[in-house]
Amino acid sequence: MHSIMLIYYVVLFIYGIVIGSFVNVLIYRLPKCEDIVKMRSHCTSCGYQLRWFDLIPIVSYVLYRGKCRKCGQRISIQYPLVEALNGILYILVGMVYGICIDTVFLCLLSSILVAIAVIDFRTMIIPPMLNYMIGFLGIIRMIIDYRHFANYMIGFLSVSLFLLILYMISHGKWIGGGDIKLMAATGLLIGWKLNILAFFLGCIYGSVIHILRMKISHKGHVLALGPYLAAGVMTAVLFGDRLISWYFDGIM
């Protein structure tokens, strides 16, 4: 049994780093409105079209010492880090949910959240396509798990409706439209309990980490909430049921 699970985790990691390579494509191309399917991967410095052996996740970066094989220009460390992070998240999801269809949904969710976190951190914008992808996964999961239809529909509104009210009151100054869509989409996928917890955790992460960033790096007061909401969602996905049980057991 242990050997089977070990193989399972290895397979998950391999899939994770491969899909993580595509996540890097999303991170680079979506903010520039470039094609993410037809355009071949290339060096951003010299334009050299990468061959298959240049695109082996993590391995190619290590073999070529983080440089383009053609021009020698240094490649951002982001690429192997995103691939490795995605692989690790896949393993963690697999450890929590085991071998089931939910693991597929939540692994894909983790990949999209990584893309959202990096893009929003850099550009202060969450590409609508990524929120739509999460929403699409949510619709499919809701259809499969139709007995809990209400859980997903309430999740769709549980946080997003509150954020929409804040958006309207502040005329968009307090919250961004992308954050509203993100929490609507994740609520549709993970249900209302985990989504409310995710938003709560995201706010905590944002308030603590952003204050530290302002003090250490003297960054401005403008907060990109997407990375922290993404972290909150992943924390809820991985540990939410335990945290909720721990909380209610403590107050009972």
Is [X] reaching over with its side chain to a backbone N or O of [Y], donor-acceptor style, under 3.5 angstrom?
X	Y	result
Ser110	Cys107	yes
Asn86	Gly16	yes
Arg141	Leu189	yes
Ser245	Arg242	no
Gln73	Cys68	no
Arg29	Asp35	yes
Tyr8	Gly98	yes

Does some side-chain heavy atom of [Y] sit less than 4.5 Å from a side-chain heavy atom of [X]?
X	Y	answer
Ile27	Asn24	yes
Trp174	Ile169	yes
Leu188	Met153	yes
Arg122	Pro31	no
Ile196	Trp192	yes
Tyr64	Ile75	no
Leu92	Phe239	no
Leu113	Ile134	yes

Over all heavy atoms of both residues, which pair between [X] and [Y] is shortest? Give the atoms and the distance, please.
X	Y	answer
Ile204	Ser207	O-OG, 2.9 Å
Gly226	Asp120	N-OD2, 2.8 Å
Ala230	Ala117	CB-CB, 4.2 Å
Pro80	Ser76	CD-O, 3.8 Å
Leu12	Gly94	CD1-CA, 3.6 Å

Open item on the list: side-chain hydrogen bond (donor to acceptor under 3.5 Å, both in side chains), that's the test. Do Tyr167 and Asp179 meet it? Break it down for me.
Closed with: CA-CA 10 Å; Tyr167 182 88; Asp179 299 322; over 6 Å; no
Euclidean distance, [Y] [atom2] relative to [X] [atom1], rounded to 0.5 Å:
X	Y	atom1	atom2	result
Thr103	Met95	OG1	CE	12.0 Å
Met129	Leu30	CE	CG	5.5 Å
Ile180	Leu225	CD1	CG	11.0 Å
Ser111	Ile19	OG	CD1	5.5 Å
Tyr90	Ile17	OH	CD1	11.5 Å
Leu85	Met234	CG	CE	9.0 Å

- [ ] Would you check if there is a donor-acceptor pair between the side chains of Tyr205 and Thr235 at a distance under 3.5 Å?
- [x]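 The answer is yes; a qualifying pair exists.
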TODO: With side-chain contact (heavy atoms from CB on, under 4.5 Å) as the test, would you mind laying out the steps for Asn131 and Ile116 before giving the verdict?
DONE: CA-CA 9 Å; Asn131 285 330; Ile116 286 174; 3.9 Å; yes
Task: Criterion side chain to side chain contact (heavy atoms under 4.5 Å, CB included) against Leu106, the qualifying member of Ile101, Val93, Val96 - done: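 One option only clears the test, and that one is Val93.
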- [ ] Please determine which of Ile125, Leu130, Ile126 meets the side chain to side chain contact (heavy atoms under 4.5 Å, CB included) test together with Ile119.
- [x] Leu130
TODO: State whether Lys193 and Asp241 are salt-bridged, where the test is any N-O pair (Lys NZ or Arg NE/NH1/NH2 against Asp/Glu carboxylate O) under 4.0 Å.
DONE: no
TODO: Inspect the surroundings of OH in Tyr15 and state if more than 12 heavy atoms from other residues, nucleotides or ligands are less than 6.0 Å away.
DONE: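 No, OH of Tyr15 has 12 or fewer neighbouring heavy atoms, counting only those of other groups under 6.0 Å.
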Quick check on the hydrophobic clustering: are [X] and [Y] connected, directly or via other members, by side-chain heavy-atom contacts under 4.5 Å?
X	Y	result
Phe162	Met183	yes
Phe121	Val233	no
Phe156	Ile190	no
Trp246	Leu238	yes
Met142	Ile144	no

Open item on the list: Under the criterion side-chain contact (heavy atoms from CB on, under 4.5 Å), I'd like the reasoning laid out for Tyr97 against Val237: C-alpha separation, chi angles, the key distance, then a yes or no.
Closed with: CA-CA 10 Å; Tyr97 291 89; Val237 165; 3.9 Å; yes
Task: Stepwise side-chain contact (heavy atoms from CB on, under 4.5 Å) check, Leu201 with Leu229 - done: CA-CA 8 Å; Leu201 292 172; Leu229 292 178; over 6 Å; no
